[in-house]
Amino acid sequence: MEKHFLLNIFFLIVFTQGSNSNPVTKFVTTVIFEHFDNCNIIFAHDGYKNNNVLINLTDKILGHFSRKNKESYVLDLNSSWTLTRYHNVRRRGSHCYLNIVSLFLKNIDESISKFSGLITWKYGAPTWKDTDHYVFLSQNVNIDALLLSKENLKIKFRIAIGASVDTGGNPVIKTACFYCNAGAPSIVQIKVGGNPIQKKQTLKYIFPDFLQNFNGYKIRCAVSSKIVYRIEIYSKKHGYWEGKQGPHTNLIQLCQHKMNFTYELFPSIGGGGSGVKWQNGTWTGSMADVLYGNAEFGMVTAQTLQRNELVSFSFPITYDWLTFATGHPKPIHTWKKLFWPFSVTLWLCLILTMILVITVLYVLPKLLVKFAFVTPKFYSNQIWFVVGTILEQDIHLPHNFVLRIFVTFWLLFALVLTTAYRSQLVTSLAFSYEEKPPQTFDQLTASSSYRWGLYYLAGAAYAAFRSSTNPTYIKIFKGMELEHSAVKCLVRAIETRFACIIYEGSAVDVVHRSLSDHFGRHPISVAPTTTFFISSCWVMEKRAVFRSNFESIMHLTMDMGLNNHWVARNYDRLRDERHKANNSATTYTLSEDPDGPKALALEEFTGPFYLFMAGIVLAISAIFIEILILKKTPTF
């Protein structure tokens, strides 16, 4: 597909009566037929039939496109009907569209505002000011003012042609360079020579791209400074702000070297958020700075549908998603540990087996006496024999061969069972059982022991929970606390049963910045569940003229892996800064000591102490029972 298939051309024709436009007509038609021959046409006017010269030009163009079976739209701007989003001609399948607008208004600003509605739709505008091509025709004395008007400077590709020729009989063609005059706009004349279309006069020559060099122009960037894990700025002397190393700071520095501009960073309106729309329709954050003309860029702004209606977003620079973090699972210290090596089912089977063995040891000697006339010498109490075997106590074995066979298999059973129990118990003491924190948002809302809060950035995450119709997220929003410090939010998660809802990138940043030890270990557990996957971009005016120039660099940095490299370097910088500062005030370490195992605490052995106390109680109870029995037994 040829490149011009992706382009449109937009003509604003402002003629006065009686203008001699033959050379102009020749140049315009040559440009159209040479570069835009495969495009459909939109011709909007406010009464072009009053000008004979313009009638001939229009009939020639419309007739040419009609013979090529191209669609054409003729709109009278003076009538009540005009293009709406339901008449979006770009949806008709042609590669491009030729847009011609004829206006005869005397006031240039009024002429431009007349058609400005065609290029400012939220969605599907019929002509795009950052990619389409515009040709203005007017009196020679009005060309400079036309090109330097405020609305005209929002159009990327445009030229103005005078209605009169110069002394050499050639059309007067000019354009405006946005920043060629030391960052200010200036008029540039395009020389076409005697032949309207020469080999060198390609589309790029007629419509030059002046946004490859900003000539020292200062770009103002509103920074979502609350998102420190993506861009971190600090105040210098005289109120200036400087950015630290990070993906977005490195990117604008790269663009600066490539496109020759300077930039100024400052926190966005409302404390450095990305943007929240209030009930009265106003915005805060970097969205507000761009919408109200305070900045060309709003850096580190998440793309949402509500925002996309008002501004343009750049190619994604970084990606983020919401999750929640809790402290590392805490060990469980309870007397119930003594029973955890076996499951409930296994304990029940063991008790039933012991009862069965006791019954057999009690019944089998009686059967031997009755039927075999043998009196086995088995004087041990059957209950103590079975319990003593399990507790690995010294027991007296029976002398009878039949009883010995049965007891042998019972001893083997007890050996395997007690070995398994001992090994499981040792494991549980060496590696304590741990709590299971919530792993999903559904589990979090269903847990009665956990509270939750959002690391509040005054941006898209809060708005997403506030506007969500998902029952889980509605419940989260109702019970959600707002934490304005990522460190405090995560420290609270470490020390209490609290879930900190946070962007995963922010959690990783805080770990490197404040919450890891010198081995890089940290007590944060990030849940595997994620939601609200977003891209962090730069916002700018809707269809800003310089968007494609910056995006060409953004595409390259993403394809080359520079963005991820910058993120990794940012973590290295954080660790270096911590090492130099040697500040361990907010440093957490794991429970393990790198120099060796730590001493066991009393709380880890509550089970044996409880069991010992229970034995004392049973022993004292047995003594009192024996005393009562002896008192009731008569003596002779």
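By the 6.0 Å contact criterion, OH on Y292 is enclosed, its count of non-hydrogen atoms from other residues, nucleotides or ligands being greater than 12. Within a 6.0 Å sphere centred on CZ of R451, heavy atoms belonging to other residues, nucleotides or ligands number 12 at most. For R220, the CZ atom is densely surrounded, since the number of other residues' heavy atoms within 6.0 Å is greater than 12.
Annotation: Y319 is in aromatic contact with F533 [ring centroid separation under 6.0 Å]. The six-membered or imidazole ring of F324 lies near that of F441, with a centre-to-centre distance under 6.0 Å.
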If you apply the rule side chain to side chain donor-acceptor pair (under 3.5 Å), what do you find for D289 with S268, and how did you get there? CA-CA 7 Å; D289 286 294; S268 59; 4.7 Å; no
Run the side-chain contact (heavy atoms from CB on, under 4.5 Å) test on D132 and F157 for me, step by step, so that the C-alpha distance in whole Å, both residues' side-chain angles and the decisive distance to 0.1 Å come before the verdict. CA-CA 7 Å; D132 293 351; F157 301 108; over 6 Å; no
Take E483 and K488, measure what salt bridge (Lys or Arg N to Asp or Glu O under 4.0 Å) needs, and give me the verdict at the end. CA-CA 7 Å; E483 285 285 350; K488 291 182 179 179; over 6 Å; no
Verdict with reasoning, T284 to K277, per side chain to side chain donor-acceptor pair (under 3.5 Å): CA-CA 7 Å; T284 62; K277 184 178 181 181; over 6 Å; no
Kindly indicate, with the supporting measurements, whether the criterion side chain to side chain donor-acceptor pair (under 3.5 Å) is fulfilled by K156 and N549. CA-CA 11 Å; K156 185 172 185 178; N549 300 84; 2.9 Å; yes
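Ion pairing of R547 with E296 is absent here, as no side-chain N (NZ or NE/NH1/NH2) approaches a carboxylate O to less than 4.0 Å. Salt bridge present: E481 and R492 bring a charged side-chain N and a carboxylate O closer than 4.0 Å. A salt bridge links E541 to K154: one of the charged nitrogens lies within less than 4.0 Å of a carboxylate oxygen. A salt bridge links R513 to E232: at least one charged side-chain nitrogen sits closer than 4.0 Å to a carboxylate oxygen. Salt-bridge annotation for R230 and D509: absent, with no side-chain N of the basic residue lying under 4.0 Å from a carboxylate O of the acidic one.
In this structure, R466 forms no cation-pi arrangement with Y456, as its terminal cationic atom is not both closer than 6.0 Å to the ring centre and no more than 45° off the ring axis.
The closest donor-acceptor contact from the side chain of K542 to the backbone of L310 lies at 3.5 Å or more, if one exists at all. At least one donor-acceptor pair under 3.5 Å links the side chain of N563 to the backbone N or O of I317. N215 contributes a side-chain N or O that, together with a main-chain N or O of N213, makes up a donor-acceptor pair within less than 3.5 Å. Judged by distance alone, with hydrogens and angles left aside, the side-chain atoms of T249 form no donor-acceptor pair with the main-chain N or O of G246 at under 3.5 Å. Listed for the W452 side chain is a donor-acceptor partner under 3.5 Å among the backbone atoms of I476.
Considering only heavy atoms from C-beta on, S312 stays 4.5 Å or farther from V539 through its side chain. Looking at heavy atoms from C-beta onward, N152 lies in side-chain contact with R158 at the 4.5 angstrom threshold. For the pair L153/P185, a side-chain contact is recorded, criterion being any heavy-atom separation below 4.5 Å from C-beta on.
At a cut-off of 3.5 Å, with distance as the only test, a side-chain donor of T301 or S286 sits close to an acceptor on the other residue.
The ring-ring contact (aromatic ring centres under 6.0 Å, His included) test with F465 singles out one residue from F477, F532, Y473, and that residue is Y473. With F297 as the fixed residue, the ring-ring contact (aromatic ring centres under 6.0 Å, His included) test singles out one of F266, W538, Y263: W538.
Rounded to the nearest 0.5 Å, atoms OG (S314) and CZ (F546) are 10.5 Å apart. Between atom CD1 of residue I159 and atom CD1 of residue I190 there is a gap of 5.5 Å, rounded to the nearest 0.5 Å. Between S506 atom OG and I227 atom CD1 the span is 9.0 Å, to the nearest 0.5 Å.
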Output side-chain donor-acceptor pairs under 3.5 Å for residues 251-259, partner residues at least two apart or in another chain, one line each.
unit_1, atom_1, unit_2, atom_2, d
Q256, NE2, F261, O, 3.3

